[in-house]
Amino acid sequence: MAAVPAVKLENWASVPVLGYGTGTAWYKKAGAKDIDQETVDAVAAAISTGYRHLDSAEAYGTEKELGIAIKESNVKREDFFVTAKVEKGIGDIQEAIDRTLRNLQLDYVDLYLIHEPFFAKSDEELQSKWAEMEKVQQSGRARSIGVSNFLQPHLKAIMKTASIKPAANQIEFHPYLQHGDLLAVHRRLGIAVEGYSPLTPLTRAKGGPVDGVVSRLAMKYGVSEGNVLLRWSIDQDVVTLTTSSKEERLKEFLDVVKFRLTAEEVDEISRLGREKHFRAFWKSKFDPD
Ligand code: NDP
């Protein structure tokens, strides 16, 4: 079984660079009171394929399914890197993390994120929620804390009053959404970037300017086009989150450990990617008409 390599990032625990998401494809199937066995089986398949970094959120409605798959896996807790996110429960973060831990059947998560910044009407509101997140880490219920879908002004606001710096910001990241200098800003601040929806050029925004180079590099390295896109993200030190309902694809993704893109190849994809803008998630918040 191929293992996904882990990296030790500043201010952060060691984290496998490729994570398996329990949102997107899965979130509509769960959420009901009953356990969705298909989701449990999918996560179990990902774990037995070698994924140890598992991404979840209360909003996905899949925490219970993830918890069952982890429990039944016989893999030691410390070998997993489990992320959870608070969104609906933002009004009472202490209650939200307790509920999440009960659902996951875990004593702690490795990373707890504020799912999005849009609930906040002011910087002060973001700052007071961040203080609540710090209490979660201090109580041991999360090994590290961070944010998701935060832009520079949101980060700046919480950094003004934070006593614990966010370990990571989880954002949509692919060639058609490179966020200008946001990666460089994170690097300067020592905040790790997690990228979701890395395969967007192959899925939701097919038929774009990177198609040619992605397919040429897939041929060159003898890997799938998806793997070229995953590598493009990982080669920029972005901890990358994907998902699949298909075991063959999950296995195939693990081939990312077998090759690297050159700096010129990363740059070529980036340059072509900038010719198109596409955002799949939180569109109405980021790009309101
Ligand atoms: P990806 O861009 O990696 O897309 C994965 C999807 O692409 C799967 O559904 C898979 O389908 C499909 N796929 C893979 N390869 C191909 C191909 N060659 N042709 C066509 N379809 C293909 O990531 P997601 O957008 O799914 O997000 C991954 C995770 O990131 C989520 O599960 C969630 O945990 C997190 N996330 C976080 C957000 C946030 O706001 N913080 C927002 C969105 C996601 P198949 O099952 O057929 O293989």
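Atoms within each ligand, like the ligands themselves, are counted from 1 in listed order.
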Quick one: which of Phe173, Tyr196, Tyr20, Tyr60 has a heavy atom closest to atom 30 (O) of ligand 1?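 Ranked by closest heavy atom to atom 30 (O) of ligand 1, first place is Tyr196.
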
I'd like to know if Arg99 pairs up with Glu58 as an ion pair, taking the criterion as any Lys NZ or Arg NE/NH1/NH2 lying under 4.0 Å from an Asp or Glu carboxylate oxygen.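 Salt bridge between Arg99 and Glu58, a charged N being under 4.0 Å from a carboxylate O: yes.
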
Ion pair Arg260/Glu265, N-O distance below 4.0 Å: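 Judged by the 4.0 Å cut-off on N to carboxylate O distance, Arg260 and Glu265 do not form a salt bridge.
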
Less than 6.0 angstrom separating the ring centers of Tyr20 and Phe81, yes or no?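 Between Tyr20 and Phe81, the centre distance exceeds or equals 6.0 Å.
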
Decide if the gap between the ring center of Phe281 and the ring center of Tyr196 is smaller than 6.0 angstrom.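 Between Tyr196 and Phe281, which both carry aromatic rings, the centre distance is below 6.0 Å.
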
Could you establish whether His115 and ligand 1 come within less than 4.0 Å of each other, counting only heavy atoms on the residue side?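 It does; at least one heavy atom falls under 4.0 Å.
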
Distance under 4.0 Å to a non-hydrogen atom of [X]: what atoms of ligand 1 satisfy this?
X      : answer
Ser148 : 39 (C), 41 (N)
Thr22  : 32 (O), 34 (O)
Ser244 : 45 (P), 46 (O), 48 (O)

Does the N or O separation between Gly23 and ligand 1 drop below 3.5 Å for any pair?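 Yes.
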
Under 3.5 Å between some N or O of ligand 1 and some N or O of Leu199?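 Between Leu199 and ligand 1, an N or O pair is found under 3.5 Å apart.
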
Answer side chain, backbone, both or neither: which part of Arg204 comes under 4.0 Å from ligand 1, heavy atoms only.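 Looking at Arg204 and ligand 1, just side chain atoms fall under 4.0 Å.
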
Describe, in one word, how the ring planes of His154 and Phe118 are oriented to each other, choosing from parallel (under 30°), tilted (30 to 60°) and perpendicular (over 60°).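 Judged by the thresholds at 30° and 60°, the geometry between His154 and Phe118 is perpendicular.
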
